Enquirer: 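This is the structure I have questions about; it appears just below.
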Amino acid sequence: MKILVTGGAGFIGSQVAQAYLQAGHRVTILDDLSTGKQENLPPEAEFVRADIASPQAAELVARGGFGLINHHAAQISVPASVADPVDDAHSNVMGLLNLLEAGCRAKLERFIFVSSGGAVYGEMEGAPVDESFPARPMSPYAVAKLSGELYLDYYAAQHGLSSVVLRYANVYGPRQIPHAEAGVVAIFMDCLVDGHEPTIYSPEDLPGGMKRDYTFVGDVVRANLAALERGQGVYNIGTGVASDTLTIWEAVKKAAGREMAHHMGPARAGDIRYSALDCAKAARELGWRPDYDLARGMAETWAWRQRR
Ligand SMILES: NC(=O)c1ccc[n+]([C@@H]2O[C@H](COP(=O)([O-])OP(=O)(O)OC[C@H]3O[C@@H](n4cnc5c(N)ncnc54)[C@H](O)[C@@H]3O)[C@@H](O)[C@H]2O)c1
């Protein structure tokens, strides 16, 4: 199949593009290199440097003959979306619509949209949630992701576009950059390499810090392979295990075989306290389950960090 991967110079999209190439597909990557890197681009992929919201991107989709778009390109920082919601919506709403409109004119068959389970549900209640949990987006980033999901419902109903929404948990692994949506693993590894002791932010009743569902990028890539042909609608992609920040710091140090002190700091306003995803639907309908536990994922990530 001929596939367009947007955001394919980024942390996750580049590894999805690589996996699609390895599975025998033809891949074009559309990325403006705003956070992505040229060195992440698989050499066998065609590369077009453009903003997803631009006329050039619409032209590429209209004439490219793609069977499927896998949409990873996005403004990915929650604080940046709070500081400038218009800029966030430029990529995360207008960019998506630009691709969908051009895709429908070109009789595109299928669309994989990457959303965020960590963001769209908002605060959870201490147990993993499934896709029926009410969405309570708490940032412009989350509002834009949720609106993207609703647009896909509209395009399915109005234009018959089949689509899968993958709501990722906190993804970590090789190629992650520290400022990203869930960059704490990359931040901690940088601390060990640079010799800066990290600060762990925690409210009084959560001494190890906020709890999150940390999911290895290799597992996320396999979900994108499964979604090529299977599934319709929204799927959580995570592990269902909530780890606090202190546990992640311990796992990073263990993978690196190094010791370092850390500091504790007060919780930051707006940080979600608990987030974990129940992924039974993805297991049932996509045949997908995570393979990696924290120890194995951290070991692979550290091995990459040392080679960098
Ligand atoms: N990393 C996580 O934990 C996580 C969790 C949930 C969802 N996501 C989603 O996964 C996707 C990939 O995120 P990532 O962590 O790999 O981040 P990333 O920054 O590495 O990748 C995003 C890519 O999109 C490109 N891009 C951004 N705006 C663009 C635009 N307007 N036009 C063209 N290209 C543009 C960037 O250059 C970059 O290569 C995003 O949609 C993000 O919202 C990530």
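Numbers for residues simply follow the sequence, beginning at 1. Since we're looking at a predicted model, the values are computed, not measured. Note that ligands are numbered from 1 as they come in the structure, with each ligand's atoms numbered from 1 the same way.
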Enquirer: For ligand 1 and Tyr141, I'd like to know whether there is a polar contact (N/O to N/O, distance under 3.5 Å).
Expert: yes
Enquirer: For Ala119, state whether at least one heavy atom is located under 4.0 Å from any atom of ligand 1.
Expert: no
Enquirer: Linking directly or through intermediates, with side-chain heavy atoms under 4.5 Å: list the remaining ILVMFWY members grouped with Val82, chain and number order.
Expert: none
Enquirer: Should you measure from each heavy atom of Ala50, which atoms of ligand 1 turn up under 4.0 Å away?
Expert: 32 (N), 33 (C)
Enquirer: Check whether any heavy atom of Ser34 sits under 4.0 Å from an atom of ligand 1.
Expert: yes
Enquirer: For the residue pair Phe113 and Phe111, categorise the inter-ring angle as parallel (less than 30°), tilted (30 to 60°) or perpendicular (more than 60°).
Expert: tilted
Enquirer: Which of the numbered atoms in ligand 1 are under 4.0 angstrom from any heavy atom belonging to Ile12?
Expert: 1 (N), 10 (O), 15 (O), 16 (O), 44 (C)
Enquirer: So for Lys145, does at least one of its heavy atoms come nearer than 4.0 angstrom to any atom of ligand 1?
Expert: yes
Enquirer: Test your reading of the structure: does Tyr168 have an N or O sitting under 3.5 Å from an N or O of ligand 1?
Expert: no
Enquirer: If the contact criterion is a heavy-atom separation under 4.0 Å, does Ala169 count as touching ligand 1?
Expert: yes
Enquirer: Is there at least one pair of N or O atoms, one from Ile177 and one from ligand 1, spaced under 3.5 Å apart?
Expert: no
Enquirer: Among all residues two or more places apart in sequence or in another chain, which pass the salt bridge (Lys or Arg N to Asp or Glu O under 4.0 Å) test with Asp87?
Expert: none
Enquirer: Should you measure from each heavy atom of His72, which atoms of ligand 1 turn up under 4.0 Å away?
Expert: 11 (C), 12 (C), 40 (C), 41 (O)
